[in-house]
Amino acid sequence: MMPAIIAFVVLLLIGAPVAVVMAMSGLAGGFAMGGERMLGIIADRMFAGVSGFLLIAVPYFIFTAELMNQGGLTQKLIAFNNALFGRVRGALSHVNISVSVFFAGLTGAAITDTVAIGKIMIPEMKEQGYDAEYAAAITACSSIIGPIIPPSVVMVVYATLLRDISVIDLFAGGIIPGLLMALALLAVSFFLAWKRGYPKQAPTPLKVAAVAFLVALPAMIVPLIILGGILSGLTTITEASGFAAVYAIAIGVIFYRNLSWQKIWHALVVTVRFSGVVFFLLATSAVLGWFVTRSGIARDAAGLITTFSDSTFLQLLLVCGLLILIGTVMDVLPALVVVAPVLVPAMIQLGVDPLHFAILMIVVLNISNVTPPVGMTLMTAARIANVPFERAIIASLPFYVAFIVVILLLVTFPSLSTWIPSLLG
């Protein structure tokens, strides 16, 4: 075990890519356990880590998201949501959140939401008198709803790593926590808009609102295609993701008429690049996961957690604190593939519902995506807003408090994560 730990720590400290860290630490641990004969097993584990049929859905989801971005979907959703909130004080702040909820059903990736929505909303908010750091903070904090409300690339990866939970259950389990996060952000947004006197907009005429809704409707059907097909049992997740990509091309080319072949090609290039990163992470995480299982690290982790408290509530809070700490220095997917093989078996041994813990882990790691010093979504939004990262961090603190409240609710009431999956049987 010690060679693997040493390799992991040293490689991480010198800044090696996370995938390389996982592969080399698993290799060191396997060699220490069984010598050269383990090398063949490690190669087999890497292949097994990316050979699951479920993983075909990952590039399809990424491709669908990129098609929607290239096809100008963001403007359509913003126009519709602006019609809903226009007359309310701080309208653009609330629109920023509500658009992220709609966008969450299309992209499943936080950084995609930040860029797509931020490039339009942040300049508009600054022009109407909102503080630049506030515009960056609300954009970054609302974008992390993307990987929680299904479909979600993170959930597909999780279901591949820990095969005791189906991706359908994960998708269903993320609906209520994602909506809770949106409501918490809206509560803070309404309070700050009232306190700071952010501007209202002119009421939108009913006819204009109806037109905005009809224009955005074909795009808003995409989540219904994906979730409706999967949750009803009519399609597998892979079939639904493939059909969504075809539908995205159809509405972009035929209905909106702004999706050219050059844009489709660009979406394909982005899909290949992002998918390559995801699949390499999965292959190397399979090596580390195999070593964790063989070495008994998960059992030792469970024993360590119980030494602090026998209360499940306190144990979960302790693990959430650890996840936030890890999330401050690693992005969501790398953090997930590193810690999930260790923590999930440990928490199951302690009697925690695996679906409840899965949703909790995904929520907490995504919240860490706005936590410095890394905080990729917040850093990206700050660059778009052209404000120092430190000012964006301070502006995000009220929203971070709202996220902490959501975490406490999820820890206290496991049914918030398990109720909808239980209805689906």
Side-chain angles (χ1 to χ4, degrees), residues 48-68 102-110 112-113 145-179 219-251 267-268 271-272 274-279 281-283 285-286 332-333 336-337 340 344 354-356 358-359 361-363 365-366 417-425:
V50 294
S51 61
F53 181 75
L54 179 65
L55 289 176
I56 299 175
V58 172
Y60 276 130
F61 281 138
I62 298 170
F63 186 45
T64 302
E66 285 302 317
L67 288 171
M68 291 300 186
F102 282 102
F103 225 64
L106 303 172
T107 64
T112 304
D113 290 15
I145 299 173
I148 298 168
I149 294 179
S152 167
V153 172
V154 175
M155 289 179 179
V156 175
V157 171
Y158 188 100
T160 306
L161 289 172
L162 288 305
R163 305 193 180 194
D164 55 337
I165 301 177
S166 74
V167 71
I168 297 176
D169 284 341
L170 289 172
F171 276 13
I175 295 174
I176 293 179
L179 293 177
M220 292 190 292
I221 292 175
V222 176
L224 298 179
I225 293 173
I226 298 173
L227 294 181
I230 295 171
L231 299 182
S232 66
L234 294 176
T235 66
T236 65
I237 182 173
T238 306
E239 293 166 346
S241 62
F243 186 74
V246 174
Y247 177 80
I249 293 176
I251 62 172
L268 283 169
T271 300
V272 171
F274 191 19
S275 299
V277 173
V278 172
F279 278 73
L281 280 171
L282 287 173
S285 70
V332 177
L333 273 180
L336 182 69
V337 297
V344 173
L355 177 59
H356 173 219
I359 299 299
M361 176 183 285
I362 291 170
V363 169
L365 285 178
N366 275 285
S417 305
T418 60
W419 179 62
I420 293 181
S422 68
L423 293 180
L424 299 174

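Note that these values count all heavy atoms, side chains included, but never hydrogens, waters or copies made by symmetry.
Looking at T271 and F61, their side chains never come closer than 4.5 Å, going by heavy atoms from C-beta outward. Counting only heavy atoms from C-beta outward, the side chains of M361 and Y158 approach each other to under 4.5 Å. The side-chain heavy atoms of P59 and F279, taken from C-beta on, include a pair separated by under 4.5 Å.
Applying the side chain to side chain contact (heavy atoms under 4.5 Å, CB included) criterion to F243, with sequence neighbours excluded, gives I225. Listed by chain and residue number, T238, E239 satisfy the side chain to side chain contact (heavy atoms under 4.5 Å, CB included) test with T236 (two or more places apart in sequence, or in another chain). Remark: I175 engages P150, L179, I420 in a side chain to side chain contact (heavy atoms under 4.5 Å, CB included) (not counting sequence neighbours).
Taking both residues in full, the closest heavy atoms of A358 and I165 are given as CB-CD1, 3.9 Å, listed atom of the first, atom of the second, then distance. Of all heavy-atom pairs between M155 and G174, the closest is CE-CA, 3.9 Å. Summarising the geometry of S152 relative to P147, their closest heavy-atom pair is OG-O, 2.6 Å, with the distance given to 0.1 Å. In terms of heavy atoms, A245 sits closest to L67 at O-CD1, 3.6 Å. Of all the heavy atoms in T64 and S241, the pair that sits closest is OG1-O, 4.0 Å.
Atom OG of residue S422 and atom CG of residue D169 lie 9.5 Å apart, to the nearest 0.5 angstrom. Within the model, atoms OG of S417 and CG of L170 stand 10.5 Å from one another, a figure rounded to the nearest 0.5 Å.
The local environment of OH in Y60 is sparse, with at most 12 non-hydrogen atoms from other residues, nucleotides or ligands closer than 6.0 Å.
I148 pairs in a side-chain contact (heavy atoms from CB on, under 4.5 Å) with only one of the listed residues (N366, I176, I359), which is N366.
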